[in-house]
Number of protein chains: 2
Amino acid sequence: MAVGQVESHPRFSAHQGHPWVAVDVVIYTVDRRVLQCLLVQVKGGPFGGGWAFPGGLVGAEESVDQAAEREVGERTGVKGAYLEQLYTFGKPERDPATRVVSVSYLALVPYRAVRLKLASKYADIRWFAADRLPHLAYDHDQVGRLALKRLRSKLQYTNIVYNLLPSEFTLGELQEVYETILHRSLDRRNFRKKILALGLLKQLRKKRRGTHRPAWLYAFMKRRPMIIEMV
Amino acid sequence: MAVGQVESHPRFSAHQGHPWVAVDVVIYTVDRRVLQCLLVQVKGGPFGGGWAFPGGLVGAEESVDQAAEREVGERTGVKGAYLEQLYTFGKPERDPATRVVSVSYLALVPYRAVRLKLASKYADIRWFAADRLPHLAYDHDQVGRLALKRLRSKLQYTNIVYNLLPSEFTLGELQEVYETILHRSLDRRNFRKKILALGLLKQLRKKRRGTHRPAWLYAFMKRRPMIIEMV
DNA sequence: CCAAAAGTGTTGGTCTTACACCCATGC
DNA sequence: GCATGGGTGTAAGACCAACACTTTTGG
């Protein structure tokens, strides 16, 4: 991209120079009653060996959202995951190697659908319990705190939880995901009352048979983000 | 900034190319019971003659936040205004002249402190009623909708309104600002009850003498952002 | 028959909303 | 004395949190 393009831009003068643009994605999933979060191990540079959220530069032809979606797809194999922009971090010193402005995203993927894939730029990739992350490279500790806060708060007034569940589930399983993420226990009767009152779930005609009394299976009527009030 | 720097970056490969980074700032104020919003008239290019929010490229040495603060200072003369990041817009086609990723901000300034200053890059600058903006250049219609939504919602659970008021004010004036921004009338008794119960205001030892019964003056005890519950 | 998870209503307290009259001043 | 904005309390309804027992199945 030529500098001349910006010098002729009607709103901008080019004297300032400019940073690079990257995305970083905090990818959550729930597996066996634990909220997990995907980290990659940085290979070289001042943070080599440290852990960070996966991310990469935004390409010339793609939108910033697309770059985030691409990163989720490349690392987890999941297409069309739930993605939400968190915040843009732009301090010059946040990455000592280069001036990088980073747009952070929150992503939710169902655990069963994930097939982790390492990129050559990383030394390792794996899930960590979201509330016990190691110290992270760059300013990613801050990104992680923000993501967790946003996830917890958004759980309460949206239906995004459907992104973490299989298409059929029992109310007990649904409640378990809420409890896992919010990190506190909820009253079963109140939970069922409230979530059923929202009218977002439909009861299926089958039950899940386990080791004990079978439970009705439910599904979300619509699998798309909606603003509601929960918990 | 040399490409070689990024090719040697531990996390990124340089094949992608990269966009420019800019900020756009939605600057609100309240004047005579109207929520006003600052627009500039674009000079050349495909949007020449159109109106947009003031903004500019992020400099190599400054953070993105600083670029926004600088823009507010340059246009209004107000230093240290309330600033909050809104969202980052990053579609390649959003600005036809150049690939620009734009970080949008919401700013609040007290009307009395403002001295508007035109930049050579703009044809004009002036206040518009926030709920009657003209069609804007770029994707700024979207930015404006988002800013207004955020302002209204944040009014309800923070104390940011202090950024729009002089240091001393009556409860009537405070309520008027709320009503102006929320665009609906509030019950006076309930409003006073609630806002006083928050304990954020102190009653001063003086009254404002107007054309009728004098009203007690109040001030915010702390002029810094806090999370609360209002309205 | 025992263990384990599923299922189900009511009550008290808190919070929110709606609403009407008197007061102090300037003109 | 009248017009104008300032100042104040209560009652009804909505909402939320707390709480215990019975049912159904597998082993």
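Within every chain, numbering begins at 1; the chains are lettered A, B, ... in the order of the sequence lines, protein sequences first and strands thereafter.
In this structure, the CZ atom of A:Arg208 is 17 Å from the C1' atom of D:dG26, given to the nearest Å. Between the CD atom of B:Gln156 and the P atom of C:dT16 there is a distance of 12 Å, rounded to whole Å. To the nearest angstrom, P of D:dG6 lies 14 Å from CD of B:Gln203. We find that NE2 of A:His212 is positioned 19 Å from P of C:dC1, with the value rounded to whole Å. What separates CG of B:Leu186 from P of C:dA18 is a distance of 11 Å, to the nearest Å. To the nearest angstrom, C1' of C:dT16 lies 16 Å from CZ of B:Phe191. The CZ atom of A:Phe169 sits 16 Å away from the C1' atom of C:dA6 (whole-angstrom rounding). Atom CD of A:Glu179 is separated from atom C1' of C:dA5 by 13 Å (rounded to the nearest Å).
Set against D:dA17, C:dC19, C:dA5, the side chain of B:Asn190 has C:dC19 as its closest nucleotide. The listed nucleotides are C:dA24, D:dG6, C:dA18; the one nearest the side chain of B:Ala215 is D:dG6.
Take the nearest nucleotide of DNA chain C for A:Thr211 and for A:Lys207: the residue whose nucleotide is more 5' is A:Thr211. Nearest-nucleotide positions on DNA chain D place B:Glu173 closer to the 5' end than the other of A:Arg209 and B:Glu173.
By the 4.0 Å N-to-carboxylate-O rule, B:Glu62 lies close enough to B:Arg70 to be salt-bridged with it. Between B:Glu74 and B:Lys117, none of the side-chain N atoms (NZ, or NE/NH1/NH2) sits under 4.0 Å from a carboxylate O, so this pair counts as no salt bridge.
As judged by a 4.0 angstrom heavy-atom cut-off over every strand, A:Arg192 is placed among the base-contacting residues. Nucleic acid contact for B:Arg188: base, since at least one base atom lies under 4.0 Å from a heavy atom of the residue.
Between the side chain of A:Asp187 and the base of D:dC19, a donor-acceptor pair under 3.5 Å is found. Side-chain atoms of A:Arg189 stay outside donor-acceptor range of the base of C:dA6, with no qualifying N/O pair under 3.5 Å. No donor-acceptor contact under 3.5 Å links the side chain of B:Arg213 to the base of C:dA24.
With hydrogens and angles left out, the side-chain atoms of A:Tyr105 and A:Asp65 include a donor and acceptor closer than 3.5 Å. Between the side chains of A:Ser104 and A:Asp24, not a single donor N or O lies within less than 3.5 Å of an accepting N or O.
Note on A:Lys194: every side-chain N or O is 4.0 Å or more away from OP1 and OP2 of D:dC15. One finds no side-chain N or O of A:Lys193 lying less than 4.0 angstrom from the OP1 or OP2 phosphate oxygen of D:dA17.
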For side-chain contact (heavy atoms from CB on, under 4.5 Å), just list the numbers for A:Val101 and B:Val64, CA-CA rounded to whole Å, side-chain angles, deciding distance to a tenth of an Å, and then say yes or no. CA-CA 8 Å; A:Val101 168; B:Val64 180; 3.8 Å; yes

